[in-house]
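Every chain is numbered from 1 and lettered A, B, ... according to where its sequence line falls, protein lines coming before strand lines.
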Amino acid sequence: MNSLIAYTLHLADNALILSQRNSEWCGHGPVLEQDIAITNISLDLIGQARNFYQYAESLINHSDGTAANPASEDSLAYLRTEREFKNLLLVELPNGDWAQTVLRQFFFSQYQYLLFQQLQFSKDEQIAAIAAKSIKEVSYHLRWSSEWVIRLGDGTRESHDRMEKAMNELWAYTGEMFEPAGYEKEMPVESEEIKKEWDEKVRQVLEEATLTLPPASEKGSVFMHTGGKNGIHTEYMGHLLAELQYMQRAYPGCEW
Amino acid sequence: MNIQIRKFFYGDIPDDQSGGNDLKNTQGPSSETKKTDWPLWEVFIRSRQGLDHKHAGSLHAADAKMAIENARDVYTRRMEGVSIWVVESKYIHATTPDESGELYEPAEDKIYRYPTFYKLPDEVNQM
């Protein structure tokens, strides 16, 4: 598998898995309006995932035109195993409470925003086009989630405590975003630059939210979980896929 | 006849129940924050440039910013709008059904108020 295919799948998997997680809120949101907001974000992410999977599909089938079972966006989403998924660990973590869900969305959207800003100028036209198209909705996800982080962090004592707890839970999963996997190194993405800007923006919001700032993350000073990009996932991933893929596994090729 | 000037709240939401300020008074986790604490907002959407804002519905939100975002998510997902107004429902004053007699019925027998008695020249066809 060449690195462009792997990278495209990585982008698709991030969107698909976070979409799956957020969709778990459907019917369970804290209020009707936010239930709709978070599932809206899920749908945006599904849209991005489909775009990337469709591109991956064409790349895979082009490089191996003789395969008995050509890849499709559905087979990529529903029929790959845990070890074949290349998403960040951050997006597969359980939702926790509302604080944890919005903080995760904030960390991810801030990253995705900076990443897509670079990717929209990528030499690969397809990736550039998907990034450019997605950046508007990502801007909204970022705005929505950062407002929630501030609202809860600077809210009541309970909401503040919950945000602090979410910070402790999630911070150690943020480093993976800036650790390029092998297939990323060939992509024209400046991870260091994204990291610097991400750090700055995130700290601004956390400060406004009156949350404890995490220790300055010089390389190696804070332990960060990694592995998702190379298919080494947390224990939660298998359960998530079981739910996501059940229908296609139990009734191969079923449509409705 | 007993005439009173009264302030009516749309949806009968008195000030003390609209809840907008309760969040500020919440101290610590012990005092319960109810879901009903968020005030109700009315949403007006302009569907195209040049048209009026039309009432689209209502929703709950903690403040104006959140109300606009909620309105965007709830009412403009299928490209219904280019502009959103929100106003807290308690600021909308409305007539009540039992006033309709004195307010609207007097207009019923005054058809001379319609402009249908004017003869229009043939050239004017877009009236």
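- With a 6.0 Å radius and a threshold of 12 heavy atoms from other residues, nucleotides or ligands, A:E208 has its CD atom at or below the threshold.
- Remark: B:D73 CG to A:L32 CG distance equals 11.0 Å, nearest 0.5 Å.
- Within 6.0 Å of atom CD1 in B:I111, 12 or fewer heavy atoms from other residues, nucleotides or ligands are found, so the atom counts as exposed in its surroundings.
- To the nearest 0.5 Å, the span separating OG1 on A:T39 from CZ on B:R77 amounts to 6.5 Å.
- When the shell of 6.0 Å around OH of A:Y78 is examined, it contains 12 or fewer heavy atoms from other residues, nucleotides or ligands.
- No other option in A:A37, A:G155, A:S159 has as many heavy-atom pairs under 4.5 Å with chain B as A:A37.
- Paired with B:M66 under the rule side-chain contact (heavy atoms from CB on, under 4.5 Å), one option of A:E33, A:E147, A:Q34 passes, and it is A:Q34.
- Around the CZ atom of A:R50, the shell of radius 6.0 Å holds no more than 12 heavy atoms that belong to other residues, nucleotides or ligands.
- The 12-atom threshold is exceeded at NZ of B:K110, counting heavy atoms of other residues, nucleotides or ligands nearer than 6.0 Å.
- For the options A:N40, A:I41, A:I36, A:L43, heavy-atom pairs under 4.5 Å to chain B are most numerous at A:N40.
- Heavy atoms only, all atoms of each residue included: B:E69 and A:Y140 are closest at O-OH, 3.3 Å.
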